[in-house]
Amino acid sequence: MNVPSDPYGTSAAADAAGEGAGIPLRRLLLAVGDPLVDVLAAPAGLDVRVDNVVIVDPEDEAEAFAGDLVLLIGARGSAARHLVRAAARRGAAAVAVKVHSDEPAYPPPQGWAAASKARRGGDETALLRSEAGDAGVALLGVRPEVRWDQLQSLCRSVLDDARLTADADLGESTGDLYSLAQTISALTGGLVTIEDAASRVLAHSSGEEADELRRLSVLGRRGPEQYLALLREWGVFSRLRAGEEVVRIDEHPEFGIRRRLAAGIHAGTQPLGTIWVQEGSAPFAGDAEEALLGAARMAALHMVRHRTEATVGLRLRDDLLASLLEGGVEAAALADTIEVGRDRPALVAAFALASGTDARGDSAGAEETDRSGRELNRRRLVDLITVHTAAYRRTSLVTLVGGRIYVLMPDLSRAGPGGTDSAGEAARSSAESAVLALTRKTVEAARSTLGVTVQGAVGSPVESLAAVPGSRAEADRILDAMGRDLALDVATMSDVRTHVLISETLAYLRGTPALRDPRVSALAEHDTAQGSDLVASLLTYLEDFGDVRTAASRLHIHPNTLRYRVRRAESVSGIDLSDPTQRLFTHLQLLMERGT
């Protein structure tokens with residue numbers, strides 16, 4: 001089926017294949033995504049439909065057709081880019097390539113020395129992403145350890161299952177339970193209620209002649225406590241939890257309870273809920289208990305599926321958010337998954353546990369205790385941050401990446417049409433101030449509620465969702481500086497820009513010995529060998545712009561003593577402090593020596 005595709009390789013293919021052909025790429029990713037593949041590009045979103053999986057070798061002519069997921073085996077460099085273009089031209093829904101773990105698709109947010117190496121390693125992946133974006137085809141990165149035949153088999157299995165259940169849509173488990181309730185009612189002759197393990201009503205059948213227990217349960221969406229207490233007293237719940245048994249509950253007119261049958265819903269040994277069948281004006285059907293037992297097993301499949309899809313759906317959302325923050329996926333993929341505006345301002349706030357904090361918030365103890373304690377605190381911190389940010393903005397998104405917790409604040413206000421530059425700047429400043437206040441509140445809550453020290457950084461607002469990696473990188477730079485030598489709990493770049501730049505410069509000096517002045521190093525070595533204070537004295541002198549009296553007062557020494565130490569420092573090191581360039585670099589390196 002070689003059908004010309006539209007610029008994104010989707011609509012023409014869908015028209016030719018027929019409405020509803022295949023399954024959305026999103027659904028395939030829910031089943032086979034992490035830890036097998038990552039979304040590297042999704043220019044047309046994740047609702048493009050996939051109806052086949054094909055393997056293409058770079059030595060062969062591309063055999064991709066409309067709606068295919070193309071697995072590019074052994075494709076590297078220009079050959080891979082050529083095949084991505086060819087697959088897109090033929091209407092492929094998505095292309096998958098192997099991505100090495102040491103080839104990040106984005107430059108690191110900080111660290112000059114690391115940046116050039118990462119850019120060299122990530123060039124090929126970045127070019128493939130750009131190629132896919134231009135061609136309008138989704139690009140998936142396959143982990144190096146994944147076997148192609150394993151991935152093809154798994155994808156085909158998902159597609160085959162989808163064809164067998166073509167009428168079943170993702171996320172409609174509750175609707176399935178209502179249909180199941182009606183079926184059980186028809187088979188048993190009673191009125192059916194399906195509840196979860198907390199006695200919340202998930203679904204119920206229609207019908208008259210409800211007794212008081214059913215009426216209150218359906219109206220309140222939960223079993224009424226006074227009746228639940230009676231059922232517990234009669235041992236009904238303990239029998240339902242014990243295993244696959246249909247429990248009979250006799251009629252109790254004094255409590256307004258008619259005769260009932262009940263069956264527990266189980267996944268292995270874990271109770272998931274209960275199916276209740278109330279008798280109406282007619283007796284139960286002769287095989288009601290057998291039908292109820294089968295229905296309980298079917299309900300378990302529905303409920304497990306619902307739980308799994310919810311969990312995997314959240315994981316996919318978190319993966320896409322993390323990829324967006326890292327610059328590894330287009331904004332369209334996230335905006336397509338969650339209702340956020342792609343073209344509205346946004347910003348990123350970042351949080352991290354302060355170094356040296358263990359499970360009790362004290363100085364770190366044993367290594368294993370510290371690691372597990374920090375992980376526990378990090379998970380609790382995610383929950384706390386989520387609660388605070390959701391209260392501030394419903395559309396806020398929270399994810400954990402590399403030990404840091406990031407909050408995306410989308411859909412920020414901007415100046416209206418025709419607004420001035422100053423109005424736009426005011427809107428951005430207002431948004432940044434509001435998020436800064438929220439960050440302070442969150443950090444304080446972490447200290448008072450969890451007993452841990454947390455640092456927070458707020459990146460600058462950016463004009464669209466696609467630009468949020470820049471806001472995230474800025475927040476990371478602030479946190480990095482806090483971790484090194486910036487004694488603050490919360491900050492924005494506008495608050496601490498100079499401090500961050502100095503901190504990054506000193507970090508670069510620490511990591512690049514060739515850039516250090518050996519004369520300053522010799523001065524530090526002299527202090528260590530002789531037990532003198534020339535480094536501290538000279539640094540204080542430079543910080544006070546050569547004001548001997550002020551510097552001597554800070555050091556609690558006589559001005560003449562400081563003058564002697566400065567002359568001695570020049571003599572030992574050979575540095576000429578009358579030269580402004582030597583003075584500037586000496587000041588920088590002394591700051592580094594002090595922090596080492």
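We number each residue from 1, following the sequence as shown.
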What verdict does the side-chain contact (heavy atoms from CB on, under 4.5 Å) test give for I502 and L588, after you've listed the backbone C-alpha separation in whole Å, the side-chain angles of each residue and the deciding distance to 0.1 Å? CA-CA 8 Å; I502 290 293; L588 281 174; 4.1 Å; yes
Donor-acceptor under 3.5 Å ([X] side chain, [Y] main chain):
X: T512; Y: L509; result: no
X: R344; Y: L465; result: no
X: R472; Y: V348; result: no
X: T399; Y: L321; result: no
X: S460; Y: S471; result: no

Looking only at heavy atoms, what is the nearest atom pair of [X] and [Y], with distance?
X: A135; Y: A88; value: CB-CB, 3.5 Å
X: F351; Y: G456; value: CD2-CA, 4.1 Å
X: P410; Y: S396; value: CD-CA, 4.1 Å
X: L347; Y: G459; value: CB-O, 3.8 Å
X: S323; Y: V39; value: OG-O, 4.2 Å
X: L408; Y: A346; value: CD1-CB, 4.2 Å

With heavy-atom distances below 4.5 Å as the criterion, would you say the side chains of [X] and [Y] are in contact?
X: L69; Y: C155; value: yes
X: L591; Y: E543; value: yes
X: V435; Y: V407; value: no
X: L353; Y: T453; value: no
X: L40; Y: L128; value: no
X: V443; Y: R440; value: no

Looking at [atom1] of [X] and [atom2] of [Y], how far apart are the two atoms once the value is rounded to the nearest 0.5 Å?
X: R81; Y: E131; atom1: CZ; atom2: CD; answer: 6.5 Å
X: L381; Y: I405; atom1: CG; atom2: CD1; answer: 3.5 Å
X: Q455; Y: R404; atom1: CD; atom2: CZ; answer: 9.0 Å
X: M493; Y: L501; atom1: CE; atom2: CG; answer: 7.0 Å
X: L438; Y: S433; atom1: CG; atom2: OG; answer: 12.5 Å
X: Q589; Y: L515; atom1: CD; atom2: CG; answer: 9.5 Å

Might you work through the side-chain contact (heavy atoms from CB on, under 4.5 Å) test for D547 and R554, ending with a clear yes or no? CA-CA 11 Å; D547 185 332; R554 288 176 56 201; over 6 Å; no
For R484 and S503, test the side chains for any donor-to-acceptor distance below 3.5 angstrom and give the result as yes or no. yes
Just do the side-chain contact (heavy atoms from CB on, under 4.5 Å) check on S217 and E195 with the steps written out, would you? CA-CA 10 Å; S217 297; E195 299 179 0; 4.2 Å; yes
Run the side-chain contact (heavy atoms from CB on, under 4.5 Å) check on L436 and D495 step by step: do they pass? CA-CA 11 Å; L436 180 62; D495 295 331; 4.1 Å; yes
Looking at R549, I'd like to know if its CZ atom is crowded, meaning that more than 12 non-hydrogen atoms belonging to other residues, nucleotides or ligands lie closer than 6.0 Å. no
With V382, which of I385, L384, T386 fulfils side chain to side chain contact (heavy atoms under 4.5 Å, CB included)? T386
Name the residue from D38, L151, L29 that meets the side chain to side chain contact (heavy atoms under 4.5 Å, CB included) definition with L140. L29
